[in-house]
Amino acid sequence: MSDPLLASLNPQQTEAVTLPARHALVLAGAGSGKTRVLTTRIAWLLRQSMASPAGILAVTFTNKAAREMLSRLEAMLPMSPRGMWIGTFHGLCNRLLRAHYKDAGLDRLFQILDAADQLSAIKRLLKTLNVDDEKFPPRNLQYFINAHKEAGLRPHAVEVPDEYTRQRAELYQEYEAQCQRESVVDFAELLLRSFELLQRNEPIRRHYQQRFRYILVDEFQDTNVLQYRWLKLLAADGQEGGAALFCVGDDDQSIYRFRGAEIGNMRDFEREFQVRDIIRLEQNYRSHGNILDAANAIIRNNANRLGKNLWTERGEGEPIRVFEAFSDTDEARWIVEEIQALLRDGATRSDIAVLYRANAQSRVLEHQLFSAGVPYRVYGGLRFFERQEIKHALAYLRLLANPGDDTAFMRVVNFPTRGIGARTQEMLQDAARQRNGSLYATVPHLSGKSAASLARFVTLIETMRRETQALPLPEQVEHVVERSGLRAHYQAEREGQDRLENLDELVRAAESFHIETRAAPETLAQAHALLADFLSHASLEAGDHQAGAQEEAVQLMTVHAAKGLEFDIVFLCGLEEEVFPHINSLSESVVGLEEERRLMYVAVTRARERLYLSHAQSRLLRGQTHYHLRSRFLDEIPSGLLKPLAQKSRFSGSGYGGDGWRGEKTHSRASTSISPTDTFQSRELPGGFRIGQNVRHPTFGYGVIIDAEGDATVRVNFGDAGVKWLMLSIAKLEAVMPESKD
DNA sequence: TACTATACGGTTTTT
DNA sequence: CCGTATAGTA
């Protein structure tokens, strides 16, 4: 009696999928089939008639994950999954607030501020309040506001241990008032506002508590305090009659603590919901054994884990290759050579990823890939809806939907330039503040020379509104792009070609949105709502619309960006102390280091077949050469899993000359053959030591030579043991070669 | 008002 | 080193 739905699941997956209506926590290791379990669980609940589509709420963090779930469900189910609430926290909150905008105290067409909009709103606020932005840096304030919202705290609830905090709380309050006045809502507000709506409006709360019988949460380890409270509220706090909460997550893959993710939620959930069913998915279907062994060995060094050990049936596979380069340039060049060799052997470019800790590291890699003519794609750049031309066009649309949106007003009032300069804008802001009205509404009350140009702008917006209101959405967008002068502006600009194409792409995005939502607005109100929906979509799915064709290319991205992805071949570079683990995390004691280690764990588990780890003796950071010790994470991997690659293997046959790494001659030859821009120092000291050289000292342990004075004294960074000046003639320094280091 | 020179500050990032 | 933000000048 094999059930086709469960046919290819392992026992633990099956157990998770077929649990009765109870709260459950699924600890799903990397590559253990977590999305599969989530979707199959939903399909199973429906098939067993334990739930109707309307009774299901599934929450994810990214739109991509939500879409993935939806499309898998579509393939599994006999019916359309449209009746279910499946989406991101923010998307679902937006849906909730649009449905109950009055009860939530919002305008029908409220707009959503993305992070950049929020920042400019804060800057504007400080300006109108005449607040010194040196004393209250806008970014700082933004963080302050968001952190408190994410903790569920309104201004009056903020703890004020000192005067400075009190002032910041006051600015938080002013910011809220401004948002309310302008009918705009930031990301954190979407969550907090819908949480408060449910909390204080009993009929609405009861409605949703009774409606949702099953709540499923993906990437639960990434939830913040407020998101967890939101879930608790919807699940009626675990009381009898509330929804069954099914949370899937991996504490070892929690890498967003810096933006408020609270791993403690997993333990809290377990306790507060008296979770009896904790299921571990430990069988990994992705990577070979050596890779998993390395990952397990690394993560074992973290305390306070819920505990989990990945295993596979795929066999141990290849050893993990480790390469020590002289410099970052050298490292990049080696990676590119290796990639070219792999491609010659038949590898596919898109199956190869190069991962790094910080975006700044992509430069050298890009340079080498570009020179070698290897197609590559860097992830994490500017996203479609965040491009300035797109934001400008959207700002015009926002003004059509909501003239009170001062952020949008300020963005385009003088773009393209209309002779409305800073002084005029300030004058308008002052007047608006006095009248306690929006910028837009204040314009007609002004007089004087600059008032005329402002009035022309308002007339332009009014005209556009009149001209577009009967048009279908895509034509509205097209019209605005044309009529606002944006198109003409970019046509006149020398390098405006890409921007023009993006504006065309925006019109196409409106078209597909129009088609997907199958909206056929009949009344004016419906047409307005459709425009508002499109604008929400643009704010909430900014990254969705990546410009640029899906070319067959090597994939470059940060480890963060690689979470959830997998590749046959992974290069993880820059494995040096202060780079990975990152210097800023090292100063945050254990918590910071443990998060870095989880990041390392995520990085390693991205690889299916082959993993390369590399580090460089010297690295150019912000124009300065740094000499770092190799990363402690490298040493946390059992040496039996590693295969050190000698410099030798690459110098022979790769055109650099030289015949080995050990010989003293090779040192200078190899390093001088590196490009002239490379600042790698090659001056030799007695005993064959150089700056950048890895060494070992009987007392201080491993270190790296970072400086030298004359021929006799060297400065060595011993990491935890500190930085020391040593006499070469006295100190028993031993050179450590990459292939001999244990 | 618009353009150019200097200072400054630089993890990770989704919504 | 490199982009951004502000100050100063045409």
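Everything numeric in this text was worked out from a predicted model, so none of it was measured. Letters A, B, ... mirror the listed sequences (proteins, then strands); counts begin at 1. Only heavy atoms go into these numbers, but all of them, side chains included; no hydrogens, no water, no symmetry mates.
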Without decimals, in angstroms, what is the distance between [X] [atom1] and [N] [atom2]?
| X | N | atom1 | atom2 | result |
| --- | --- | --- | --- | --- |
| A:Arg598 | B:dT12 | CZ | C1' | 13 Å |
| A:Asp218 | B:dT14 | CG | C1' | 14 Å |
| A:Ile583 | B:dG9 | CD1 | C1' | 15 Å |
| A:Glu595 | B:dT13 | CD | P | 12 Å |
| A:Leu586 | B:dT11 | CG | C1' | 12 Å |
| A:His628 | B:dT11 | NE2 | P | 13 Å |
| A:Met557 | B:dT13 | CE | P | 11 Å |
| A:Gln253 | B:dT13 | CD | C1' | 16 Å |

With centres under 5.5 Å and planes under 30°, do A:His582 and B:dT11 count as stacked?
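Aromatic stack with B:dT11 present for A:His582.
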A:Tyr256 ring over B:dT14 six-membered base ring, under 5.5 Å and 30°:
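It does not: the two rings, one from A:Tyr256 and one from B:dT14, miss the stacking criterion.
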Given [N], is OP1 or OP2 found less than 4.0 Å from the side-chain N or O atoms of [X]?
| X | N | result |
| --- | --- | --- |
| A:Asn584 | B:dT12 | no |
| A:Ser585 | B:dT12 | no |
| A:Arg383 | B:dT15 | yes |
| A:Asn146 | B:dT15 | no |
| A:Thr417 | B:dT1 | no |

Tell me which pairs pass salt bridge (Lys or Arg N to Asp or Glu O under 4.0 Å) where either residue lies in residues 354-365 of chain A, with sequence neighbours left out.
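Applying salt bridge (Lys or Arg N to Asp or Glu O under 4.0 Å) to every pair that reaches into residues 354-365 of chain A, excluding sequence neighbours, yields A:Arg357-A:Glu596.
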May I have all residue pairs that pass salt bridge (Lys or Arg N to Asp or Glu O under 4.0 Å) and include part of residues 139-149 of chain A, sequence neighbours excluded?
A:Lys149-A:Asp186, A:Lys149-A:Glu189
Residue from A:Arg597, A:Arg305, A:Lys563 passing salt bridge (charged side-chain N to carboxylate O under 4.0 Å, His left out) with A:Asp252:
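In the set A:Arg597, A:Arg305, A:Lys563, the residue that makes a salt bridge (charged side-chain N to carboxylate O under 4.0 Å, His left out) with A:Asp252 is A:Arg305.
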Regarding [X], tell me which of base, sugar-phosphate or nothing describes its non-hydrogen contacts under 4.0 Å with the strands shown.
| X | result |
| --- | --- |
| A:Arg423 | sugar-phosphate |
| A:Ala115 | base |
| A:Phe61 | sugar-phosphate |
| A:Gln118 | nothing |
| A:Phe89 | nothing |
| A:Asn414 | sugar-phosphate |
| A:Ile255 | nothing |
| A:Asp114 | nothing |

Let me spell it out: for each of A:Ala358 and A:His90, pick the nucleotide of DNA chain B with the closest heavy atom. Which residue's pick is nearer the 5' end?
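Counting from the 5' end, the first nearest nucleotide belongs to A:Ala358.
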Report the residue (A:Thr62 or A:Leu599) whose heavy-atom-nearest nucleotide on DNA chain B is the more 5′ of the two.
A:Leu599
Presence of salt bridge, A:Lys391 and A:Asp117, under 4.0 angstrom
yes
[X] has a side chain; which of [options] sits nearest to it?
| X | options | value |
| --- | --- | --- |
| A:Glu596 | B:dT11, B:dT15, B:dT13 | B:dT11 |
| A:Glu386 | B:dT11, B:dT13, B:dT15 | B:dT15 |
| A:Thr424 | B:dT1, B:dT11, B:dT15 | B:dT1 |

Tell me which pairs pass side-chain hydrogen bond (donor to acceptor under 3.5 Å, both in side chains) where either residue lies in residues 129-138 of chain A, with sequence neighbours left out.
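Sorted result for residues 129-138 of chain A: A:Lys135-A:Gln167.
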When the side chains of residues 88-97 of chain A are checked against the rest of the protein, which donor-acceptor pairs come out under 3.5 Å, sequence neighbours left out?
residue : atom : partner : partner atom : Å
A:Thr88 : OG1  : A:Gly91 : N            : 2.8
A:Asn94 : OD1  : A:Arg98 : NE           : 3.3

Reading 5' to 3' through nucleotides 1-9 of chain C, protein heavy-atom contacts under 4.0 Å coded B for base, S for sugar-phosphate only, - for none:
BS--S----
Going by atom types only, do A:Ser362 and A:Glu366 share a side-chain donor-acceptor pair under 3.5 Å?
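A pair is found: one side chain offers a donor N or O, the other an acceptor, under 3.5 Å apart.
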Could you verify whether a donor N or O on one side chain and an acceptor N or O on the other, from A:Glu262 and A:Asn224, lie under 3.5 Å apart?
no
I'd like to check the side chain to side chain contact (heavy atoms under 4.5 Å, CB included) partners of A:Thr459; sequence neighbours left out, ordered by chain and number.
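Here the qualifying residues are A:Thr463.
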